[in-house]
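Reviewing the structure listed below.
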Amino acid sequence: MTKLLPILFSAALVAQPRLPNGKPNFNGIWQAIGPAHYDVERHMARASLMLRDGPHGPLASAPTLRLGAVGSVPGGIGIVEGGKIPYKPDAAAKRDENRKNWIDRDPEVKCYLPGIPRATYMPFPFQIIQNTNSVFMNYEYAGAVRDILFKDPGPAETDSWMGQSVGRWEGDTLVIVTAGFNDQTWFDRSGTHHSNQLKVTERFTLNGANHIRYEATMEDPEVFTAPWKISLPLYRRMEPDARLMDFKCVEFVEELIFGEHRRKPLPRQ
Amino acid sequence: MQRIILSVLTALAACYGQARPDLSGTYDIATLTPLTRPAKFGERLALTAEEARVIERQEAAIVAARNQKSDPNRSAPPVGGDGSQGPAGNVGGYNSFWVDRGTGAFQIDGKFRTSIITNPANGQLPAMTPEAIKRARERAKYNRPNDGVAFWIKEGITPGPYDDPELRPLAERCLLAFGTSSGPPMLPVMYNNLKRIVQTNDTVMILNEMVHDARIIRINGKHEPPEIRRWMGDSIGRWEGATLVVDTTNFNDTPALFGATRDLHVIERFSRIDAKTLRYQFTVEDSNVWTKPWSGEILFPATDQRVFEYACHEGNYSFEGILKGARILEKEVEKK
């Protein structure tokens, strides 16, 4: 008993939930807090999601102008270690070009699948469904999903938006290596692109019952000069009735994508 | 004391694995057994072994014929299609590479089935209400093959079937899988019939391969308030012994089930027959559409296949073509 007490006591303090097989239990609904979904890099607040040159500095672009403060970007210390993504010069130029044309190029605007790691820190919850054999992730945004494979099937047979995720346990950390992406997804709303050579290594570690320490390392020799890493906490949604809602945004972007082809189009401006 | 703690832990561990079977797995529900029974079988629920073999042989012959190499010297199909039926859509679309309807009828309790529907006893959908018949007739005006002439302009049908995205079928819009694949009830369709189930103590997740639609069933949950509607409804589950019973309500206005309405109510029962097979039973009620509830059952056979990403919307180039094509056809009629 004397030997057991400290174990029970510390277990109660840390309260790290576990499955019967002893693995950390990630079941639940999780969400990131913060402005990483706008811009993963260190940045000050700026006037708009899309900017143009003004007479005295950058101003909101014409298409985002009317959103006013709602369309502005809150500042962030950044989730990227060192503050900056190490883009090669060409890739950095493409990122800047993407940012200038954000509204036409961001896959999120068109409700396309978000890719990894972006899905993790979008302003939507996601649910982890885990049993002793499986870990499955459901994202509210666009109803995106991924099934973590614990038996590596080898290189992905085809490129995809969410990639092919292979998981393993390193102690109490769930390590997921995802590759086989297409080159269409971004890391945030700031034009941060990658090629289909992207490989993402994520580490999920429970930090008590209600936080996950989330880290991800990105490798893509086509666009980055070196691997780079993000880290941020994920928070358990504590509402007793927390759940994922339907967010089938496909319906919400039909007017944007197809509206001009209606029999009687609505005004587009 | 240690012993007491250990026995409590053992009991807790046993709770996880007790009478409740684990439904987790990947399943391929493709089958040649149709939803409704061919009239010749009447009230007969089971095929003879010989009848089942004939169906399998016929399907194998169809697949073999479709798998013939294309004639490199063939010409384009005639305007409006070659008159052939089926998924090729008249002008050639899907070949056998895409189509996966299964290779045989399914067996339950050792008998091949004539239909998925078990109730009514004749294996047909029950009679529709007069209002539902009227709505179906309205829809039929729309559901006509596009033969290359804007019939809706000629016949003064307004709105025309291609006027707006909202008037097109949910599957064409990539909002839901086509047919009744996403469910509930989840029924086999022409292809992409995989289901991925992951079960935990308080949740059962069922991923539908087509359009990556996942149902998250809350065990012992309460239904959502009536203001909250979902495309696949709100599903709550409970265990009745070794059977998972899932009750689904709170559908959107247009569930993907034969003209069903927001009052659709589906009850599903999942149980394990053996290590590789689930039994899936369902009952459908919607008094706006059918005068009686109807029920059916199929098997969920486990498969080694993996579910690949089904990014429908991201590649939905044809939807723009459908709307633009209709605009061109309208101009052609209006010019005359």
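A note on names: the letters A, B, ... follow the listed sequences, proteins ahead of strands, and every chain is numbered from 1. Heavy-atom basis, side chains included; hydrogens, waters and symmetry copies ignored.
For the residue pair A:N27/B:T203, the side-chain donor-acceptor check at 3.5 Å is not satisfied.
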Next on the checklist: The test is side-chain contact (heavy atoms from CB on, under 4.5 Å); show your working for B:E166 and A:R262 and say whether it passes.
Outcome noted: CA-CA 10 Å; B:E166 295 85 349; A:R262 287 180 191 278; 2.9 Å; yes

Next on the checklist: Quick one, B:R306 with A:D147, criterion side-chain contact (heavy atoms from CB on, under 4.5 Å). Give me CA distance, side-chain angles, the key distance, then yes/no.
Outcome noted: CA-CA 10 Å; B:R306 269 197 292 137; A:D147 195 356; over 6 Å; no

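Residue with the most contacts toward chain A among B:M232, B:E320, B:R229: B:E320 (heavy-atom pairs, distance under 4.5 Å). Heavy-atom pairs under 4.5 Å with chain B peak, among A:R146, A:R243, A:Q184, A:Q130, at A:R243.
Of the atoms belonging to B:I216, it is side-chain heavy atoms, and not backbone ones, that fall under 4.5 Å from chain A. Heavy atoms closer than 4.5 Å to chain A are found in the side chain of B:I228, but not in its backbone. Interface residue B:E314: backbone and side-chain heavy atoms are both found under 4.5 Å from chain A. There is no contact between B:D234 and chain A, counting heavy-atom distances below 4.5 Å.
Contacts between residues 217-225 of chain B and chain A, counted as heavy-atom pairs separated by less than 4.5 Å, involve B:R218, B:E224.
Within the 4.5 Å cutoff, the side chain of A:L113 has heavy atoms near those of the B:E309 side chain.
Residues that satisfy the side chain to side chain donor-acceptor pair (under 3.5 Å) test with B:D202, not counting sequence neighbours, are B:T200.
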